[in-house]
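Note sheet for the following structure.
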Amino acid sequence: MTSPHTPVAVLTEDESWERLSSVALGRLVTRIADEIFIFPVNFVTQRGTVLFRTAEGTKLFSAVVSDEVLFEADKYTSSVGWSVIVRGTAEVLSGASQIEEAEQAALLPWVATTKRRYVRITPTVMTGRQFIFGPEPDDGSVAG
């Protein structure tokens, strides 16, 4: 990461994982043909991947038929914020050892519905940014 006083700073991969691991709600973005879908999901990070649970439906179908998915999570206060984006592939876990490992994450659904499927996003690219909020510079220059 650059200086802590830079309005926009690029996070390292470790910093990005640290931030991603500190929150529980993110957004899954998928695409089927020309249609883009975005779904809020509660999640955990596990072994350098993003893990979430879901039921049968559009979210599950679009995640597994998409060649590539995006996942984004962020957090902010009145003075700072950050955003991490994961680009990767999604896989529905099916083997007993895969499901056993996923269950060790203790990921529970937030909504009172049955979510029997675990989906793991394996990153191909991860980017993170940190933002320091404040007024626009007086000199008209664009920072970051």
- request: Would you please name every residue forming a salt bridge (charged side-chain N to carboxylate O under 4.0 Å, His left out) with R31, sequence neighbours left out?
  value: none

- line: Sorted by chain and number, sequence neighbours left out, salt bridge (charged side-chain N to carboxylate O under 4.0 Å, His left out) with E56 holds for R117

Output the distance between atom [atom1] ([X]) and atom [atom2] ([Y]), rounded to the nearest 0.5 Å.
{"X": "S22", "Y": "W17", "atom1": "OG", "atom2": "CH2", "answer": "12.5 Å"}
{"X": "S66", "Y": "I36", "atom1": "OG", "atom2": "CD1", "answer": "10.0 Å"}
{"X": "T30", "Y": "I38", "atom1": "OG1", "atom2": "CD1", "answer": "9.5 Å"}
{"X": "T45", "Y": "R120", "atom1": "OG1", "atom2": "CZ", "answer": "10.5 Å"}
{"X": "F131", "Y": "W82", "atom1": "CZ", "atom2": "CH2", "answer": "10.5 Å"}
{"X": "L11", "Y": "Q130", "atom1": "CG", "atom2": "CD", "answer": "6.0 Å"}

message: Please evaluate residues Q46 and E101 with respect to the criterion side-chain contact (heavy atoms from CB on, under 4.5 Å), reporting the C-alpha separation (whole Å), side-chain torsions for both, the decisive distance (0.1 Å), and the verdict.
response: CA-CA 9 Å; Q46 187 181 53; E101 179 183 29; 4.0 Å; yes

Answer yes or no: is there a donor N or O on one side and an acceptor on the other, between the side chain of [X] and the main chain of [Y], under 3.5 Å?
{"X": "E100", "Y": "A96", "result": "no"}
{"X": "T49", "Y": "T122", "result": "no"}
{"X": "T77", "Y": "V80", "result": "yes"}
{"X": "D74", "Y": "V84", "result": "no"}
{"X": "R87", "Y": "V125", "result": "no"}

query: Heavy-atom count around F133 CZ within 6.0 Å, excluding the residue itself: above 12?
result: yes

- prompt: If you count the non-hydrogen atoms of other residues, nucleotides and ligands that lie under 6.0 Å from CZ in R27, is the total more than 12?
  reply: yes

query: Is any side-chain heavy atom of I32 less than 4.5 Å from a side-chain heavy atom of V65?
result: yes

- line: ring-ring contact (aromatic ring centres under 6.0 Å, His included) filter on F71, not counting sequence neighbours, yields F43

query: Under the side-chain contact (heavy atoms from CB on, under 4.5 Å) test, which residues partner A90, sequence neighbours left out?
result: A63, V69, V119, I121

- prompt: Pick from V50, I85, L20: which one makes a side-chain contact (heavy atoms from CB on, under 4.5 Å) with M126?
  reply: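 So, applying the side-chain contact (heavy atoms from CB on, under 4.5 Å) to M126 and each of V50, I85, L20, only L20 qualifies.
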
field: Listed once per pair and sorted, the salt bridge (charged side-chain N to carboxylate O under 4.0 Å, His left out) pairs that draw on residues 88-98, sequence neighbours left out
entry: none

Over all atoms of both residues, closest heavy-atom pair of P123 and G48: CD-O, 3.3 Å

query: What closest approach, in Å, do K59 and F52 show between heavy atoms, and which atom pair accounts for it?
result: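 So the minimum-distance heavy-atom pair works out to CD-CE1, 4.0 Å.
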
message: So, applying side chain to side chain donor-acceptor pair (under 3.5 Å) with S83, which one of R129, R19, E72 is it?
response: E72

message: Which Ile, Leu, Val, Met, Phe, Trp or Tyr residues join V44 in one cluster when any pair of side-chain heavy atoms under 4.5 Å counts as a link?
response: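 Reading the cluster by chain and number, V44 sits alongside L51, L93, I99, L107, Y118.
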
task: Please assess V29 against F37 for the test side-chain contact (heavy atoms from CB on, under 4.5 Å), listing each intermediate value before the final yes or no.
output: CA-CA 6 Å; V29 181; F37 300 90; over 6 Å; no

